[in-house]
Amino acid sequence: MTTPINTQKQLPDFALTVSLCGTGPMGAPIARNILSGGLPLTLWNRTAAKAQAISGGRVAGSPAEAAAEVVLTVLPDLPQVAALLPGEDGLLAGWAAAGIRNPVLVIHGTVSPVAVAEFAEDCLRDYGLAVIDAPLSGGTIGAEEGRLSTMVGGPADAVGRLTPLFGLYSSTVVWFGKTGAGSTVKACNQIVVAATVTALSEAMAVATAAGLDLGKVQSVLAGGLAGSEVLMQKGARWIGGDFEGGGSAKNQLKDLNFIAEIAKDSGLQLPLSTSVRGAFEVMIAAGDGDLDHTGIYRSILAGSEAAAA
């Protein structure tokens, strides 16, 4: 899909300048929805061609050139965000050159709640930079359709100003508290996602072993309590055996490692998350880390075959 579905969402009077860094599978549709909402948008991506492919945006040659009053980042993890700041081509230099004194940096990627809270404290103290963590749920389809669920942590006044912007690509925007809170909620979300993906993969493995029609099995599951957004968006992957692209297994494991970090800090025992984490470790060790996380199905079948040998 190359055009947004949320064409009724308009925000032409938003007073702050906005840029977006990271025009990958999630960032690109978010950018298109912002532009469709009537806002000028500056784009930066390490591979410039991906930013240039988005019609209507102004493509920056460096993070410094993308230094707007609000910078949205849609990047894999916190180190990639932090790398945008320093140097003559970095955001800090760009904000200084543009005379922007109180910029806001939004982190839409899934990051460690502990690390992002520390990062926000450092940025505010050292640079006067407000950092908002606003991880997303809904996948690429949700991004394309402008119906992401955005869970937000950060200064209340800054979040309040940006909520209308988030609404251009989200159907649900909820503020939970200080920076790091949004990422904690995302961890809760990812427990459910990872467990659901793994449970559905096991169900499809059982159905495959029994020689059943996976499409018919899925239609029954979808009509009852087993129905889910994961099944709706990902069901065709199990039927067709195509696990290329999508939300990678290595990113799923990254999220599960964050969950383990939270559990350790909180003194919680999370048996299901621990088990699912182990399953994804096996998958990635087998060389399937770049596959969609539903590819855990292949790992389940391979493990079963090895046990039977």
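The first residue in the sequence is number 1, and the count goes up from there.
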Measure the shortest side-chain to side-chain distance between [X] and [Y] over non-hydrogen atoms and say whether it is less than 4.5 angstrom.
X    : Y    : result
M232 : E229 : yes
I296 : L291 : no
Y297 : L200 : no
L256 : I259 : yes
L231 : S228 : yes
D133 : V152 : no
T73  : L105 : yes

Atom [atom1] of [X] and atom [atom2] of [Y]: how far apart are they, to the nearest 0.5 Å?
X    : Y    : atom1 : atom2 : value
D122 : L124 : CG    : CG    : 10.0 Å
L212 : M204 : CG    : CE    : 9.5 Å
L85  : F119 : CG    : CZ    : 5.0 Å
I262 : I191 : CD1   : CD1   : 7.5 Å

I'd like to know if [Y] and [X] are part of one continuous hydrophobic network [Ile/Leu/Val/Met/Phe/Trp/Tyr, side-chain heavy atoms within less than 4.5 Å].
X    : Y    : result
M151 : F166 : no
V197 : L301 : yes
L41  : F14  : yes
L78  : F258 : no
I141 : V192 : no

Would you check if the side chain of [X] reaches a backbone N or O of [Y] as a donor-acceptor pair within less than 3.5 Å?
X    : Y    : result
T179 : V131 : yes
Q80  : D77  : yes
K254 : P76  : yes
K9   : G146 : yes
D213 : K216 : yes
T184 : G180 : yes
K178 : A156 : no
W238 : G240 : no

Using the side-chain contact (heavy atoms from CB on, under 4.5 Å) rule, take N45 and V59 through it: C-alpha gap first, then chi angles, then the decisive distance, then the call.
CA-CA 8 Å; N45 193 73; V59 177; over 6 Å; no
What verdict does the side-chain contact (heavy atoms from CB on, under 4.5 Å) test give for W44 and L84, after you've listed the backbone C-alpha separation in whole Å, the side-chain angles of each residue and the deciding distance to 0.1 Å?
CA-CA 11 Å; W44 178 83; L84 299 177; 3.6 Å; yes
If every non-hydrogen atom of [X] is compared with every non-hydrogen atom of [Y], which pair is closest and at what distance?
X    : Y    : result
R161 : V104 : NH2-CG2, 4.2 Å
A130 : P155 : CB-CG, 4.5 Å
R277 : A260 : NH1-CB, 3.6 Å

Given S137 and N189, is the side chain to side chain donor-acceptor pair (under 3.5 Å) satisfied, shown in steps?
CA-CA 8 Å; S137 183; N189 181 86; 3.2 Å; yes
Derivation of the side-chain contact (heavy atoms from CB on, under 4.5 Å) call for V174 and T150
CA-CA 7 Å; V174 181; T150 302; over 6 Å; no
Set of side-chain contact (heavy atoms from CB on, under 4.5 Å) partners for A68, sequence neighbours left out
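In terms of side-chain contact (heavy atoms from CB on, under 4.5 Å), with neighbours along the sequence ignored, A68 is linked to T17, S19.
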Residues S248, D290; criterion side chain to side chain donor-acceptor pair (under 3.5 Å); working and verdict:
CA-CA 5 Å; S248 71; D290 289 327; 5.6 Å; no
Name the residue from R147, H108, E145 that meets the side chain to side chain donor-acceptor pair (under 3.5 Å) definition with Y169.
H108
More than 12 heavy atoms of other residues, nucleotides or ligands under 6.0 Å from NZ of K50: yes or no?
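No - once you tally the heavy atoms of other residues, nucleotides and ligands closer than 6.0 Å, there are 12 at most.
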With a sphere of 6.0 Å drawn around CZ of R125, does it hold more than 12 non-hydrogen atoms of other residues, nucleotides or ligands?
yes
Verdict with supporting geometry, Q252 and Q190, side-chain contact (heavy atoms from CB on, under 4.5 Å)
CA-CA 8 Å; Q252 186 74 85; Q190 294 305 84; 3.7 Å; yes
Run the ring-ring contact (aromatic ring centres under 6.0 Å, His included) test against F280 and tell me which residues pass, sequence neighbours left out.
none
Please list, chain by chain and in numerical order, all residues satisfying side-chain hydrogen bond (donor to acceptor under 3.5 Å, both in side chains) with D288, sequence neighbours excluded.
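Counting only residues at least two positions away or on another chain, D288 forms a side-chain hydrogen bond (donor to acceptor under 3.5 Å, both in side chains) with R298.
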E65 side chain to T42 side chain, donor-acceptor N/O pair below 3.5 angstrom:
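There is no such pair (donor and acceptor under 3.5 Å, judged by atom type) between the side chains of E65 and T42.
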Could you walk me through whether K234 and T294 pass the side chain to side chain donor-acceptor pair (under 3.5 Å) check?
CA-CA 7 Å; K234 306 275 189 174; T294 52; 5.6 Å; no
